[in-house]
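A note on names: the letters A, B, ... follow the listed sequences, proteins ahead of strands, and every chain is numbered from 1.
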There are 2 protein chains.
Amino acid sequence: MFKYESIAADIQNKIYSGVYQADTKLPQETALCRLYNVSRITVREALDHLVRQGLITRRRGAGTYVKPIVGENLCPRLLAMSQQFGGFTSDMKGRNVRSQVHEFTLLRAPEKVAEKLQVSNDAFVCYICRTRFVDDAPYVVEYTYMPTDFISGITQEVVSHSIYAYIEGTLKLNIKSAHRSARADLPTEQEQKWLQIKKGEMPVLEIEQTAYLDDGRIFEYSKARHRADCFTLHTVSVR
Amino acid sequence: MFKYESIAADIQNKIYSGVYQADTKLPQETALCRLYNVSRITVREALDHLVRQGLITRRRGAGTYVKPIVGENLCPRLLAMSQQFGGFTSDMKGRNVRSQVHEFTLLRAPEKVAEKLQVSNDAFVCYICRTRFVDDAPYVVEYTYMPTDFISGITQEVVSHSIYAYIEGTLKLNIKSAHRSARADLPTEQEQKWLQIKKGEMPVLEIEQTAYLDDGRIFEYSKARHRADCFTLHTVSVR
DNA sequence: CAGTGGTCTAGACCACTTC
DNA sequence: AAGTGGTCTAGACCACTGA
């Protein structure tokens, strides 16, 4: 736990608990330096983090203010989630998550997958197709491709539960970043069955993702197709 | 133009032009300090920016590497776009953008809108409903709410073209950040007509947005409902 | 062990906002 | 004019990677 991390966490708590209220000014940076007994750069690093989370705004000459956030974004859990990498199981923490594995095989990478995973065209990759349930209701169909060279030891047991927990917990690899794109689409006939969607009843939200380890290696290319009523993607952009 | 900005721009160009190639190592930070004749903190600020854009990865002890990005994310225009605030007109730069204004009125803020815009329940807000065309094909229906107190002088002329250009160009206000959420939905009957979608043919991607000025004021709450074949939302998350 | 990025200090000066 | 954040310097020491 670094200094800037604990400072960011402390300020975040004070915002969520109402010590620092919406649209009010935070102590100035030099005051925070004295409060936490650190240099200004360290305070600024902590504040930078909160700006990127969308919690505060800084105004040169005026001060640092708590953003008034309402609605879904108010919920700290939701806001944080979109910026984390726990995978589905940890996003739904505290609820009963179950996976139905439709397919779990090694196959020669299709061209697009080889390109996305940065492996050669004739390389074998691990392919997993699952429907994921929360409290016995189907939420999402995931099509996942992973390289076989350094993501090893994946078993039926692992794919029935959490791949992310296995990668970070057992393989001790660190997930660092992800590139995502979202689009709307209609479910295929197969997906209508898996997701229990009646014909024409509901679209899906497709999240295409390429995910990176902290050493830069790509460990996953996936498409997750969510029931429209089960998922919203949240993002914050700061210029 | 600050030093870190021009350094970031220079390195970005070198990546796009192939001087620094995918999966190769950038010069070390101290070498970049000498190259640009700046301190290490300044170099790091430039690199931080590129990390958040998803262009590079830093590995302690090993070096800084160019991320191998393929597909849509390869396109510098697309990657940058998702992180900018030009609005629809500037996103589609170089193409013929046209708006059909369905409604443009002042009305008392509905409860949810008042909450999102942080105005009182009986305040008047500006409401605009438009279909936006690119090269005469309908792309998106936008429902936009703005406060009337500091967003003044909006005319039929403005809403037919670019609201963002008016706000930044004429009112000289600076757009700083935006909170967005994306979900899939079916178009309403009205939207099917506006977007020229046949019944059951295609869903819409809805982007709900709250946008902030650099002084922290909220100037827009909107829902944009895109034809599914016309829009993809791109994001990069870094832990 | 050498190379490299991560964290941190203790300042300085400037640009902007607010009064 | 005073207050405040933005940019920048010239270092220091540490943690981790890879040979």
Side-chain angles (χ1 to χ4, degrees), chain A residues 1-11 20 23-52 55-67 150 172-177 212-217 238-239, chain B residues 1-11 20 23-52 55-67 150 172-177 212-217 238-239:
Chain A
M1 184 69 117
F2 299 108
K3 289 187 184 182
Y4 75 90
E5 283 178 316
S6 59
I7 294 169
D10 185 60
I11 295 175
Y20 298 141
D23 274 320
T24 62
K25 186 154 69 166
L26 256 58
Q28 66 178 108
E29 295 183 350
T30 51
L32 291 171
C33 292
R34 287 193 299 277
L35 177 58
Y36 296 107
N37 201 21
V38 297
S39 74
R40 190 165 157 227
I41 281 198
T42 303
V43 162
R44 286 183 60 77
E45 198 157 2
L47 294 180
D48 278 347
H49 192 240
L50 299 179
V51 167
R52 284 195 294 277
L55 283 175
I56 61 175
T57 337
R58 294 197 277 198
R59 297 166 47 198
R60 180 194 293 218
T64 301
Y65 292 80
V66 179
K67 266 192 183 181
F150 61 92
K172 302 289 179 204
L173 300 174
N174 299 305
I175 301 167
K176 184 64 179 300
S177 69
Y212 296 76
L213 298 177
D214 64 353
D215 62 6
R217 289 180 295 184
V238 179
R239 173 129 66 165
Chain B
M1 184 68 120
F2 299 110
K3 289 187 182 180
Y4 75 89
E5 284 179 316
S6 60
I7 294 169
D10 185 61
I11 295 175
Y20 297 141
D23 274 321
T24 61
K25 186 155 67 165
L26 256 57
Q28 66 179 108
E29 295 182 351
T30 52
L32 292 172
C33 292
R34 285 193 300 277
L35 177 59
Y36 296 106
N37 201 23
V38 296
S39 75
R40 188 163 159 229
I41 281 199
T42 304
V43 162
R44 286 183 61 78
E45 199 158 2
L47 294 180
D48 278 346
H49 192 240
L50 299 177
V51 168
R52 284 196 295 276
L55 283 174
I56 61 175
T57 334
R58 294 197 277 197
R59 296 165 47 197
R60 181 195 292 219
T64 302
Y65 293 81
V66 180
K67 266 191 180 178
F150 60 92
K172 302 288 178 204
L173 300 174
N174 300 305
I175 301 168
K176 184 63 179 302
S177 69
Y212 296 75
L213 297 177
D214 63 353
D215 62 8
R217 289 181 294 184
V238 178
R239 175 129 67 167

(request) Could you identify which residues of residues 31-50 of chain A place a heavy atom less than 4.0 Å from some atom of DNA chain D, listed by residue number, or say none? (result) A:Arg40, A:Ile41, A:Arg44
(request) Check whether any side-chain N or O of A:Arg59 sits under 3.5 Å from a backbone N or O of B:Gly216 as a donor-acceptor pair, and report yes or no. (result) no
(request) Considering non-hydrogen atoms only, spot the tightest contact between A:Ala46 and A:Ile7 and give its length. (result) CB-CG2, 3.7 Å
(message) On a heavy-atom basis, which atom in A:His49 and which in A:Ala8 lie closest, and how many Å separate them?
(response) ND1-CB, 4.0 Å
(message) If you compare all heavy atoms of B:Asp214 against all heavy atoms of A:Thr57, which two are closest, and at what distance to 0.1 Å?
(response) O-CG2, 4.4 Å
(message) Closest-nucleotide mapping onto DNA chain C: is B:Lys25 or A:Arg60 further toward the 5' terminus? I mean the 5' end.
(response) B:Lys25
(request) Mind checking salt bridge (Lys or Arg N to Asp or Glu O under 4.0 Å) for A:Arg40 and listing every partner two or more places apart, or none if nothing turns up? (result) A:Glu29
(request) Send over the distance from B:Gln28 CD to D:dG18 P, rounded to a whole Å. (result) 16 Å
(message) Does any part of the side chain of A:Asp48, heavy atoms only, come nearer than 4.5 Å to the side chain of B:Asp48, both counted from C-beta?
(response) no
(request) Round to a whole Å and report the spacing from CZ of A:Phe2 to P of D:dA15. (result) 9 Å
(request) Give me the first and last nucleotide of DNA chain C, going 5' to 3', that has any atom under 4.0 Å from a heavy atom of chain B. (result) C:dG3 to C:dT9
(request) Assign each of B:Glu29 and A:Tyr65 to its nearest nucleotide of DNA chain C by heavy atoms, then name whichever residue's nucleotide is nearer the 5' end. (result) B:Glu29
(request) Answer whether the closest heavy-atom distance between the side chains of A:Tyr36 and A:Thr42 falls below 4.5 Å. (result) no
(request) Classify the nucleic acid contact of B:Thr64 as base, sugar-phosphate or nothing, counting any heavy atom under 4.0 Å across all strands shown. (result) sugar-phosphate
